[in-house]
Amino acid sequence: YKEERLLQFYEQLFARFDEMPGSRAATFGSVPLIAHYMWNTDILLPGETEKTAAEHLSNRQVVRENYFATLEISLLRGRGFSAQDAATSPKVGIVNQEFGKRFFADEDPIGKRVRESDSKDEIEIIGVVADTKYNSQREGIEPLLYTMWRQETASIGQMYFSLRAASEPTSLVEGVRAAVRDMDSDIPITELTTQEARSEQSLAQERLYARLLSFFSALALLLAAIGLSGVLAYAVAQRTQEIGVRMALGARSANVLRLVIWQGMKLVLVGLAVGAACAYGLKRLFDSQYFSEEAWQREMASRLYGVSGTDPLTIAVIAVLLAVVALAACWMPARRASRVDPLDALRHE
């Protein structure tokens with residue numbers, strides 16, 4: 001299927017999807033949401049030519065006129081596409097918020113005419129829609145230019161259909177297969193999934209890493225707490241006579257409690273200080289000439305989301321968490337020491 005024959009095929013398929021029981025709306029786009037790839041192109045702004053223009057890279061989408069309503073992407077300003085935006089009409093486009101911010105600064109992009117560097121056709125911007133993510137949830141928002149499918153005959157090929165279901169989305173699967181099979185049994189459906197499942201699959205590896213790291217971190221923290229508590233319990237047993245003498249001379253339980261807790265917390269504070277110094281030293285090492293700073297930053301960015309590798313708040317929270325866990329580990333031996341009977345302590349060998 002090519003050119004006009006392909007457009008007719010898609011029109012007939014839309015008619016079937018629109019009337020399918022359980023389907024509220026049907027649309028398509030050249031790239032699906034959260035697809036781990038994107039189509040991009042170089043944009044020439046008003047007054048620019050190929051020779052004078054700086055690089056203005058923007059993502060691209062070719063969509064059906066009801067695309068934004070079906071996917072519930074808010075139209076913020078201007079108008080959406082309509083059936084009047086035909087192949088014989090002046091070419092129009094809709095941009096996301098990031099496109100306007102990056103390429104038109106404080107100006108309103110509506111009414112402006114842009115052009116793709118490899119095309120002679122100007123595209124008039126008629127609307128602005130909310131930002132969306134097409135590549136992955138991790139990546140930032142990029143400029144995006146949408147154009148009407150009827151005006152992009154040369155760019156229409158394999159398309160990704162989206163159906164908004166009235167109930168459970170998977171209930172539409174058999175109807176979709178039957179509709180395509182009735183149109184042409186030789187045409188394959190390469191993927192059938194829900195948007196929620198696509199989003200979950202996109203983050204599956206990150207969530208697996210997060211669960212594994214969380215489990216082993218919690219296990220390491222538990223083992224450290226048990227070890228600290230055991231060491232402190234042994235130290236308390238070794239100092240039983242000393243504690244008995246102190247209490248016989250008038251020391252209160254609170255004094256003994258503070259004494260033992262401070263003995264354990266000194267080790268923790270020394271450990272935190274050494275750990276912070278090692279972390280700082282490693283950071284300086286990775287930032288030095290012996291390592292590529294860009295490679296280091298990319299590696300850290302691939303493991304973290306929403307924070308940097310040296311985020312001070314995160315480091316402070318971790319330090320406080322370690323101190324709290326250590327305090328809890330010291331509490332039991334200290335509590336036991338504060339309840340020692342002075343007479344039994346003095347007779348202790």
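The analysis underlying the following values was restricted to heavy atoms, covering all of them including side chains, and did not include hydrogens, waters or symmetry mates.
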Are Q137 and E206 packed together at the side-chain level, in the sense that at least one heavy-atom pair is separated by less than 4.5 angstrom? no
For a 4.5 angstrom cut-off between non-hydrogen side-chain atoms, does L144 reach T132? yes
Would a 4.5 Å heavy-atom cut-off, applied to side chains only, mark V114 and L44 as touching? no
Applying side-chain contact (heavy atoms from CB on, under 4.5 Å) to E11 and not counting sequence neighbours gives W149, R150
Salt bridge (Lys or Arg N to Asp or Glu O under 4.0 Å) pairs touching residues 17-27, sequence neighbours excluded, are D18-R64
What verdict does the side chain to side chain contact (heavy atoms under 4.5 Å, CB included) test give for R198 and E191, after you've listed the backbone C-alpha separation in whole Å, the side-chain angles of each residue and the deciding distance to 0.1 Å? CA-CA 11 Å; R198 180 187 290 276; E191 181 182 8; 3.4 Å; yes
Under a single-linkage definition using a 4.5 Å side-chain heavy-atom cutoff for Ile, Leu, Val, Met, Phe, Trp and Tyr, are V180 and I156 assigned to the same hydrophobic cluster? yes
Residues, nucleotides or ligands: over 12 heavy atoms within 6.0 Å of M183 CE: yes
What are the two closest non-hydrogen atoms of L163 and S23, and how far apart are they? CD2-OG, 4.0 Å
Rounded distance (nearest 0.5 Å) linking atom CG of D118 with atom CG of D121: 10.5 Å
Are the side chain of S185 and the backbone of R181 linked by a donor-acceptor contact shorter than 3.5 Å? no
Answer yes or no: is there a side-chain heavy-atom contact under 4.5 Å between I126 and F81? yes
Give the C-alpha distance, both sets of side-chain angles, the deciding distance and a yes or no for side-chain hydrogen bond (donor to acceptor under 3.5 Å, both in side chains) between Q84 and S82. CA-CA 5 Å; Q84 283 69 44; S82 67; 3.2 Å; yes
Listing, residues 217-229 side-chain donor-acceptor contacts under 3.5 Å, not counting sequence neighbours, or none:
from, atom 1, to, atom 2, distance (Å)
S217, OG, L213, O, 2.6
S229, OG, A329, O, 3.4

With a 4.5 Å limit on heavy-atom distance, are the side chains of I318 and L322 in contact? yes
If the plane angle is over 60° it's perpendicular, under 30° parallel, otherwise tilted; pick one for Y146 and Y67. tilted
Taking side chain as C-beta onward, heavy atoms only, is S58 less than 4.5 Å from E142? no
Heavy-atom side-chain proximity of F28 to Y160 below 4.5 angstrom: no
Can you name the nearest heavy-atom pair linking A326 to V268, along with the distance? CB-CG2, 3.2 Å
Spacing of CG belonging to D182 relative to CG belonging to L13, to within rounding of 0.5 Å: 10.5 Å
V260 and V231: same hydrophobic cluster, using ILVMFWY side-chain contacts below 4.5 Å? no
On a heavy-atom basis, the closest approach of A25 and T70 is CB-OG1, 3.6 Å
Sorted by chain and number, sequence neighbours left out, salt bridge (charged side-chain N to carboxylate O under 4.0 Å, His left out) with E122 holds for none
Run the side chain to side chain contact (heavy atoms under 4.5 Å, CB included) test on F68 and T27 for me, step by step, so that the C-alpha distance in whole Å, both residues' side-chain angles and the decisive distance to 0.1 Å come before the verdict. CA-CA 9 Å; F68 304 111; T27 190; over 6 Å; no
Do any pairs count as a ring pair (Phe, Tyr, Trp, His ring centres under 6.0 Å) and have a residue in residues 85-116, sequence neighbours left out, and if so which ones? H56-F103, F99-F103
Please check if atom CD in Q8 has more than 12 non-hydrogen atoms from other residues, nucleotides or ligands closer than 6.0 Å. yes
Check against side chain to side chain contact (heavy atoms under 4.5 Å, CB included), Q263 and L259: CA-CA 6 Å; Q263 181 181 354; L259 174 69; 5.8 Å; no
Here the pair of heavy atoms bringing S167 nearest to S171 is OG-OG, 4.0 Å
Might you point out which heavy atoms bring L172 and A165 nearest each other, and give the distance in Å? CD1-CB, 3.6 Å
Under the side chain to side chain donor-acceptor pair (under 3.5 Å) rule, what pairs show up with a residue in residues 87-96, not counting sequence neighbours? K91-E152, N96-D131
Checking Q205, R207, R211 against Y209 for side chain to side chain donor-acceptor pair (under 3.5 Å), the one that qualifies is Q205
Drop me the distance from E196's CD to T170's OG1, to the nearest 0.5 angstrom. 10.5 Å
V92 and I123: CA distance, side-chain angles, deciding distance, side chain to side chain contact (heavy atoms under 4.5 Å, CB included) verdict: CA-CA 5 Å; V92 294; I123 303 172; 5.5 Å; no
So I34 and K133, do their side chains get closer than 4.5 Å, heavy atoms only? yes
Determine whether a donor-acceptor pair (N or O, by modelled atom type, separation under 3.5 Å) exists between the side chain of Q151 and the backbone of P90. yes
Quick check on the 6.0 Å ring-centre criterion: do Y1 and Y10 meet it? no
Give, for atom OG of S162 and atom CG of N66, the distance between the pair rounded to the nearest 0.5 Å. 10.0 Å
Minimum heavy-atom separation for R60 to L145, with atom names? NH1-O, 3.2 Å
With L57 via side-chain contact (heavy atoms from CB on, under 4.5 Å) - residues at least two apart: N40
Value for CD (E48) from CZ (R115), rounded to nearest 0.5 Å, stands at 10.0 Å
Crowded around E3 CD? As in, over 12 foreign heavy atoms under 6.0 Å? no
Is M38 linked to V63 within one hydrophobic cluster, defined over Ile, Leu, Val, Met, Phe, Trp and Tyr using a side-chain heavy-atom separation of less than 4.5 Å? yes
What about Y134 and L203, same hydrophobic cluster or not, with Ile/Leu/Val/Met/Phe/Trp/Tyr joined at side-chain heavy-atom distances under 4.5 Å? no
Which residues end up grouped with V320 if you chain together Ile, Leu, Val, Met, Phe, Trp and Tyr wherever their side-chain heavy atoms are less than 4.5 Å apart? V324
What I want to find out is whether K112 reaches E124 closely enough, with some N-O distance under 4.0 Å, to be called a salt bridge. no
Partners passing side-chain contact (heavy atoms from CB on, under 4.5 Å) against S30 (at least two apart in sequence or in another chain): W39, Q61, V62, M159
To the nearest 0.5 Å, how far apart are CD1 in I43 and OG in S119? 9.5 Å
Sort and list the pairs that fulfil ring pair (Phe, Tyr, Trp, His ring centres under 6.0 Å) and have at least one residue in residues 214-262, not counting sequence neighbours. none
Excluding I141, membership of its hydrophobic cluster (Ile, Leu, Val, Met, Phe, Trp, Tyr; side-chain heavy atoms within less than 4.5 Å) reads none
Would you give me the side-chain donor-acceptor pairs under 3.5 Å for residues 72-80, sequence neighbours excluded?
from, atom 1, to, atom 2, distance (Å)
R79, NH1, D85, OD2, 3.2
R79, NH2, D85, OD1, 3.1

Going hydrophobic residue to hydrophobic residue with side-chain gaps under 4.5 angstrom, can you get from I125 over to I94? no
